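Before any comments, here is the structure.
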Amino acid sequence: MTDTTETTRQLPKAYRPADFEGAIYERWIGADVFAPDGAGSTADPSAEPFVIIQPPPNITGSLHLGHAQRTAVEDLMIRHARMTGRPTLFLPGLDHASIAAQYVLDKILAGEGESRASLGRERYLERMWQFINVTREVMLGQQRRLGASLDWSRLRFTMDAGSAMAVREAFYRLHRDGLAYRTEALINWCPGCRTSVSDLEVIPTPETGTLWTVRYHLLDDATGRPDPDAWIAVATTRPETILGDVAVAVHPDDPRYAAFVGRQARIPFVERDVPIIADPIVEREFGTGAVKITPAHDHDDYETGRRHGLPMLTVLDDAAAVVGTGTRFEGLDRLDARREIVAALEASGDLESSRPHELLIGRCERSRDVIEPRLKTQWFVRAAPLAARALEATRGGRTTIVPERFVKVWEHWMTNIRDWNVSRQLWWGHRIPAWYCPDGHITVSAEEHGPTACEVCGRPSSELQQDPDIFDTWFSSGLWPFSTLGWPDDTPDLRRYYPGSVMETGHEILFFWVARMMMLGLHLTDVEPFHTVYLSGLIRDAEGQKMSKTKGNVVDPLAVMETSGADALRFAVIHGATPGLDQRFGPQRLELGRNFANKLWNAVRFILGARPEGIATDAVRIAPDADRLGPAERWIRSRLAATVAEVDRGVADYQFGEVTRALYDGIWSEFCDWGLELAKVRLADESLPAADREATWWTLVEAIDTYLRLLHPVMPFVTEELWGALPHRPEDPPMLVVARWPVAGPRDPVTESAVGALVELVRVVRSARAEGGVEPGRWLPGEVFAPTSLAGAFDALRPALERLSRCRPLVRHAQRDAFLTAAGSRPGLSVVVGEIEADVALGEGAEGPPAAELARLEKELAEAERLLEAARTRLANAAFTAKAPASVVEGARGREAELADQVARLRERLRR
RNA sequence: GGGCGGUUAGCUCAGCCGGUCAGAGCGCCUCGCUUACACCGAGGAAGUCGGGGGUUCGAGUCCCUCACCGCCCACCA
């Protein structure tokens, strides 16, 4: 490390991120600075640790831009905390993503002519491990490339032994506490994935279907046979479910059907006679006002069936083919069956009508197949009591959600929560640790090898059968904040790093993941798993479209980083980050980041190259000599202090876009555009004592060092690289990554306003020159009248002001009369900026002020008059002066005086 | 059917607690190779802050309402 601390190094002329980003990451790893207790850590061990919880990405392929943006935000927070001297934990991990992974692997297998069935459970899982051994490296590599300062020594996976142990223990306790139960219930079945899915995984999709109206003949009370001339018409979008109908429901107050209630109707094909019942759930206006009830294949009907004690007849199997009906439709896929049933009804004359109908179809989030609700015996987690505790945590302020508006969404969901179906008929995942004995007794065990005997009847384990199902993938994800720290064991990590500080994730998985972590965490550990939930928005493409593989508009972060660098990507995505709001990403954004890095690079190159001869190349950094600072140097320091404060505020408020904006403006528009330009002149001024020039240089070093620290969490690579080339203090650590976060110094309002006025003068003179059509390269003499309060700053900065305004000599007059005499009536450009007036001579040969100059002055006058008028109107309003705060009124008066002065001066200039 | 978010220069967006807040980047126009940077520098044009009400001395900034776009939740078969 000594090479970077004790000597300043030469920087290559061009900023080429690819040349150093990888090497820098290696150096961080080599120095072991990411682990909270790593060899290179400079944290205060007694400080409160800062822990970021990163959603472990799904191990299904590669990371996309959304991952990159979130990782960037997380890394920003953790790097900032690390620099403040807190022990930090940023734990890397991957999620086995059971259903998503199986979906991907199934597709790959299909391409090879294999399938889940052809391989069998064992070989299928072997294939899965092979698959993820490849993808995991890709994904971890992407995180490294992005510069994520993850503690790799703590890498975890939701399918590792630690997670497995936590899953078993968690389920064991939930069951013990009466919060996990097994029952037959109507669940969402995906025929494509051949598994149940949770309510959240069913995506309501608007589609145009058909609404068929079908006649069910009433039974003749006398004969007990269907009456060909009496029927009740029901409307349905799924005629195949007729086979499972067990009732017809009408609204109890519907006069049309009052006489029907209590009678029987004959279901076609299955020739089943079912009751006509009354239930207020029926919408009288919809369809015919009579609803067929299929409790085993429809969520609403299931509830209705339960209310009325109706039988539940399953007529679709796992593949969604007709089963158990004893009809000729047996074995047909439900859609084929639907067609045939409609045709048969039409033939029999019982199809009254059919019309197109817009409806919401539940589709599988993964396979997009139509979800077919069906009865299954599954494990459920009782949600209400868990949700109550989660709500307590957010209401009590122990966990804060950022941005705040999501609290409402959270509350709504938590208060209407339904029990969580955790059984999945998949293979890739944690097997449910429940065993059943031949007598149907249930034994749940947290032991790795299962129970030794049935808990109820004592039968030996050899007679017990383990549940073939696995857990919903979110069950293990829900344990992530503590399962990764050794829970259920009472480990040092768990004590030190739990609960976490900030949990960052996309708002789309607020329910899937955040809610489950809260519920499980509170129940199992008795403490909320994190203090803050920071929700990010989605990354969209430049057109505002959601990025998706099928649309082909996904941006590969690796490719982006290859061309523009990780820093540019990080800057771009952080720049656009507003909590909870989506952002568009396009090439422009990226260029912004890259250009900024380039600017920074060149600024540092300039500073290093401008080192006064009296300072050795390997000089140890010293603070600039305060007695030798000029106005420009004091201005730089004061503006720097302002930027530090702004960045601090942005970080504290999670307004990361504000952080990048403050840095962009501070570094580019203030420090580079004015600070360096002013300093340049002083550094080159041989007439000044060497010590003055050295103080200037040390000021630049101090400023850029501070800016680099502030920017490090956003752009870690380029800042590390550049910082390494700067002279350092003896107490500085070898690398920026563990250097101390800056403390905002004092502001200097007097200097800020004086230099601000002079900067404005330069700006206005430049503008006047350009508008007046003066050749840019031409030096013009100028006269300036500045109030005595600005005299010191003006004189000190005169050489710089001359150079920047390209006016020489620039003569300052202390008296306005003298100024007016000197400016005289010669042809020239006149500017009025605040209390300063300047007149730039156009030189011999000029006939008079060019027409453009007059037009410019007139425009300025008109604008000033307009503003003055507005200010006067405001002050004339008695209500304003009476009710507005004194400071505001005072400010308005000052403004009025200023404007009046400016108007007067401009009029005077125009008269000449 | 509820709920939430967005609507600010041609484009992409900042504008936190109402009082120089009308801004930035890109694009556009005019200039410029001034020894850090053409991934640059200087200057410039450009918006009745979605519409309409209201509160206030004062409103992109608060309230109501409407419109359009987007998202989330929801048991109309």
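Keep in mind it's a predicted model, so treat the numbers as computed, not measured. Below, read A as the first sequence line, B as the second, and so on, with proteins coming before strands; counting in each chain starts at 1.
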Which heavy atom of A:Pro356 sits nearest to which heavy atom of A:Thr208, and what is that distance?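 So the two residues come closest at CB-CG2, 4.3 Å.
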
Proximity to the side chain of A:Thr237 - top-ranked nucleotide from B:rG43, B:rA77, B:rA36: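 Closest of the options to the side chain of A:Thr237: B:rA77.
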
Could you check which of B:rG43, B:rU34, B:rC37 has an atom nearest any side-chain atom of A:Asn598?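 That would be B:rC37.
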
May I ask you to say what A:Trp668 touches in the nucleic acid, namely base, sugar-phosphate or nothing, with a heavy-atom cut-off under 4.0 Å?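 Result for A:Trp668 = sugar-phosphate.
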
Using a strict cut-off of less than 4.0 Å between a Lys/Arg side-chain nitrogen and an Asp/Glu carboxylate oxygen, indicate whether A:Asp245 and A:Lys292 qualify as a salt bridge.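 Looking at A:Lys292 together with A:Asp245, the answer is yes, because their closest N to O distance falls below 4.0 Å.
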
Are A:Glu352 and A:Arg215 close enough for a salt bridge, meaning some N to O gap below 4.0 Å?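 Answer for the salt bridge query: yes.
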
Whole-Å [atom1] distance, [N] and [M]:
N	M	atom1	answer
B:rC33	B:rC37	C1'	12 Å
B:rA46	B:rG6	P	30 Å
B:rG51	B:rG15	C1'	22 Å
B:rC13	B:rG18	P	26 Å
B:rC66	B:rU56	P	23 Å

Looking at [X], I'd like to know whether one of its side-chain N or O atoms comes within less than 4.0 Å of OP1 or OP2 on [N].
X	N	result
A:Trp413	B:rG2	no
A:Thr578	B:rA14	yes
A:Arg584	B:rC13	yes

Assign each of A:Leu581 and A:Trp601 to its nearest nucleotide of RNA chain B by heavy atoms, then name whichever residue's nucleotide is nearer the 5' end.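 Counting from the 5' end, the first nearest nucleotide belongs to A:Leu581.
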
What residue among A:Arg374, A:Glu201, A:His299 forms side-chain hydrogen bond (donor to acceptor under 3.5 Å, both in side chains) with A:Asn188?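 Testing A:Asn188 for a side-chain hydrogen bond (donor to acceptor under 3.5 Å, both in side chains) against A:Arg374, A:Glu201, A:His299 leaves exactly one candidate, A:His299.
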
Could you check whether the side chain of [X] and the base of [N] have a donor-acceptor pair of N or O atoms closer than 3.5 Å, going by distance alone?
X	N	value
A:Lys599	B:rC37	yes
A:Glu677	B:rA42	no
A:Lys680	B:rA36	yes
A:Arg649	B:rC16	yes

Please work out which of the three classes, parallel, tilted or perpendicular, describes the rings of A:Phe656 and A:Tyr654, given edges at 30° and 60°.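 Taking A:Phe656 first and then A:Tyr654, their aromatic rings stand perpendicular (interplane angle over 60°).
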
